[in-house]
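Structure record follows, encoded as structure tokens.
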Amino acid sequence: MADTSTAAVVAARPAAAVPACLLAWLLPGAGHLYLRRTGKGLIFLGAIGALFVLGLAMDSRLQMTVGLDDILASLFSLAQMAIGIPYLAARMLGYEAGQVTSVTFEYGNTFTAVAGLLNILVVLDAYDVAVGRKA
Amino acid sequence: MSPSHLASLILFAALVSLVFAMLMREDSRTRLRFGLTSFAAFLASAIVVGWLMSPFPS
């Protein structure tokens with residue numbers, strides 16, 4: 001008889017934790033899709049992807065500042081990079097410069113950085129799902 | 001793309017509230033409630049802070 005209890009549905013897959021977190025970082029929602037949480041994964045992909053794309057459309061700059069010379073700029077870069085492949089793809093497609101004179105420049109920066117920060121929470125959620133702490 | 005301040009606020013609040021609701025609640029009913037509360041809190045706090053700042057010169 002097939003076991004359809006909640007315990008079976010949320011069964012832990014600790015071995016899947018590392019690949020799930022890696023996939024979740026590379027593409028928002030991919031970790032949850034890998035863990036067969038399709039609905040959650042698609043919503044994360046749609047919502048965080050939309051935040052990032054809207055940020056680019058609002059002339060956000062995708063700066064890559066690494067080092068201790070300007071800590072705040074480095075943290076901001078890390079926040080943007082946390083979205084993974086979309087960040088790299090956007091840079092390769094020529095969106096890295098942004099447009100500082102645009103009226104929506106700061107909004108765009110906020111959208112792209114928050115998209116990355118939310119993706120960090122999604123990575124942690126994927127870990128919790130993999131180890132069985134969450135459904 | 002140059003949405004108005006209010007449109008940007010609504011877009012941002014809606015998308016962030018959706019992600020928060022999916023992360024912080026487990027079932028559909030509480031997710032909906034949490035998401036709507038979060039969305040309303042984003043809008044209300046921005047409008048209140050904007051109103052409080054309005055007497056000050058730019």
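Naming: A, B, ... by sequence-line order, numbering from 1 per chain.
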Is there a chain of hydrophobic side chains (I, L, V, M, F, W, Y, each step under 4.5 Å between heavy atoms) that links [X] to [Y]?
| X | Y | value |
| --- | --- | --- |
| Ile85(A) | Val123(A) | yes |
| Trp25(A) | Leu88(A) | no |
| Leu117(A) | Leu26(A) | no |
| Ile83(A) | Met81(A) | yes |
| Phe111(A) | Val100(A) | no |

With rounding to the nearest 0.5 Å, note down the distance linking CE in Met22(B) to NE2 in His32(A). 8.5 Å
Side chains of residues 42-66 of chain A: which donor-acceptor partners sit under 3.5 Å, not counting sequence neighbours?
{"residue": "Asp59(A)", "atom": "OD2", "partner": "Ser102(A)", "partner atom": "OG", "Å": "2.7"}
{"residue": "Ser60(A)", "atom": "OG", "partner": "Asn109(A)", "partner atom": "OD1", "Å": "3.1"}
{"residue": "Ser60(A)", "atom": "OG", "partner": "Thr112(A)", "partner atom": "OG1", "Å": "3.0"}

Specify which of Leu124(A), Leu121(A), Asp128(A), Val103(A) makes the most heavy-atom pairs with chain B at under 4.5 Å. Leu121(A)
Any residue of residues 9-21 of chain B which, by heavy atoms, sits under 4.5 Å from chain A: Leu11(B), Phe12(B), Leu15(B), Val16(B), Leu18(B), Val19(B), Phe20(B)
Residues of residues 39-55 of chain B with any heavy atom under 4.5 Å of a heavy atom in chain A: none
Check this for me: Tyr127(A), atom OH, are more than 12 non-hydrogen atoms of other residues, nucleotides or ligands nearer than 6.0 Å? no
Correct closest heavy-atom pair for Tyr107(A) and Ser8(B) would be CD1-OG, 3.7 Å
Ring pair (Phe, Tyr, Trp, His ring centres under 6.0 Å) partners of residues 64-88 of chain A, not counting sequence neighbours, each pair once: none
Lys134(A) side chain vs Glu26(B) backbone, donor-acceptor pair below 3.5 Å: no
